[in-house]
Amino acid sequence: MKSTAFIFARGGSKGLQNKNLLDFYNNPLIVHTIKNAIASDLFNDVVVSTDSKDIANVATEAGASVPFIRPKNLATDDSNEWLSWKHAIENYNKSLDCFISIPCTCPLRDYKEVDKMIEFYRKNEFDAVVGIVDSNHSPDFNMVDMLETGQIKIINDGSKINRRQDANKCYIITTYAYITKPEYILNSNNLFDGKIGGYKVTKQESIDIDDKFDFEFARHIYMKHKKNNGIF
């Protein structure tokens, strides 16, 4: 099975402007992911989908393939990334057996763990596999909605759970990696149309950069990781 990595990186970002091109210790954030993905030797190709010519040029120089430019209507704040996945598959000009999305906003992922995720996907009958981490919170305990007046109301008002330890174990989907077949994407309306498997990863390796705080935190953890000779 040929595994192909896809990195979806649009030019606009409100949370952190131009985050995909920000310097992440001597490399733009997207280049950090491209180089690590290539070095992992897990993929027959590393493909970047972007609407930005600047990102396209940087990605190409780093060794990624940029076989198409994403339409602007698929690169807005409100765009459905599932449609960008469909667009990428429809416009990729090589054979494709296994689709793996590795967002560059998760720069601390371990590609040995990605390899294990791929194996987990291949050995099970899931339509897709995603990375998940333990959640410190559950909708069954101490989660609230806020009204316009400032009043808050418990979300699960029928729950009799009074201790966090008694709440159902919950998990958070990460941007570590998303693994599926192109046929599933083309024939589905969203990720959860089918049978989805969760693969547990560590919180430190799955930090997702959305704003300046996330970026600085990821840089701090990365440098700590480097100083500890690659040990978190």
(message) Taking salt bridge (charged side-chain N to carboxylate O under 4.0 Å, His left out) as the definition, give me every residue that meets it alongside Asp110, ordered by chain and number, with sequence neighbours left out.
(response) none

(message) Nearest 0.5 angstrom please: Leu42 CG to Asp115 CG, how far?
(response) 5.0 Å

(message) Working to the nearest 0.5 angstrom, can you tell me the gap between Leu83 CG and Asn189 CG?
(response) 9.5 Å

(request) Please list all pairs passing the salt bridge (Lys or Arg N to Asp or Glu O under 4.0 Å) test where one or both residues lie in residues 32-43, with sequence neighbours left out. (result) none

(message) Among Glu205, Lys200, Glu113, which residue satisfies the side chain to side chain donor-acceptor pair (under 3.5 Å) criterion with Tyr176?
(response) Glu205

(message) Test of understanding: with salt bridge (charged side-chain N to carboxylate O under 4.0 Å, His left out), list the residues that count as partners of Lys94, not counting sequence neighbours.
(response) Asp45

(request) Write out all pairs satisfying ring pair (Phe, Tyr, Trp, His ring centres under 6.0 Å) with one or both partners inside residues 89-110, taking only residues at least two apart or from two chains. (result) Phe6-Tyr92, Phe6-Phe99, Trp85-Phe99

(message) Rounded to the nearest 0.5 Å, what separates atom OG in Ser3 from atom OH in Tyr121?
(response) 9.5 Å

(request) Indicate, with yes or no, if Val58 and Ile34 share a hydrophobic cluster defined by side-chain heavy-atom contacts under 4.5 Å among Ile, Leu, Val, Met, Phe, Trp and Tyr. (result) yes

(message) Atom NZ of residue position Lys203 - does it have more than 12 heavy atoms of other residues, nucleotides or ligands inside 6.0 Å?
(response) yes

(request) Give every residue pair that meets the salt bridge (Lys or Arg N to Asp or Glu O under 4.0 Å) criterion with at least one member in residues 57-73, sequence neighbours excluded. (result) Asp51-Lys72

(request) Look up atom OG in Ser65 and atom CD1 in Ile7, then write down how far apart they are to the nearest 0.5 Å. (result) 10.5 Å

(message) Give me the atom names and distance for the closest heavy-atom approach of Pro182 to Cys98.
(response) CD-N, 4.5 Å

(message) Any carboxylate oxygen within less than 4.0 angstrom of a Lys/Arg side-chain nitrogen, looking at Lys116 and Glu119?
(response) no

(request) Please round to the nearest 0.5 Å and tell me the distance separating atom CD1 of Ile172 and atom CG of Asp208. (result) 11.0 Å

(message) Under 3.5 Å, is there a donor on one side chain and an acceptor on the other for Thr4 and Asn44?
(response) yes

(message) Looking only at the aromatic ring of each residue, does the gap between the centers of His32 and Tyr222 stay below 6.0 angstrom?
(response) yes

(message) For the CG atom of Asp78 and the CG atom of Asn73, what is their distance to the nearest 0.5 Å?
(response) 12.0 Å

(message) Strictly by salt bridge (Lys or Arg N to Asp or Glu O under 4.0 Å), give each pair with a member in residues 142-153 just once, sequence neighbours left out.
(response) none

(request) Identify whether the distance between the nearest side-chain nitrogen and carboxylate oxygen of Lys181 and Asp127 falls below 4.0 Å. (result) no

(message) Let me check something: do Leu108 and Val130 share a hydrophobic cluster, defined by ILVMFWY side-chain heavy atoms less than 4.5 Å apart, either directly or through other members?
(response) no

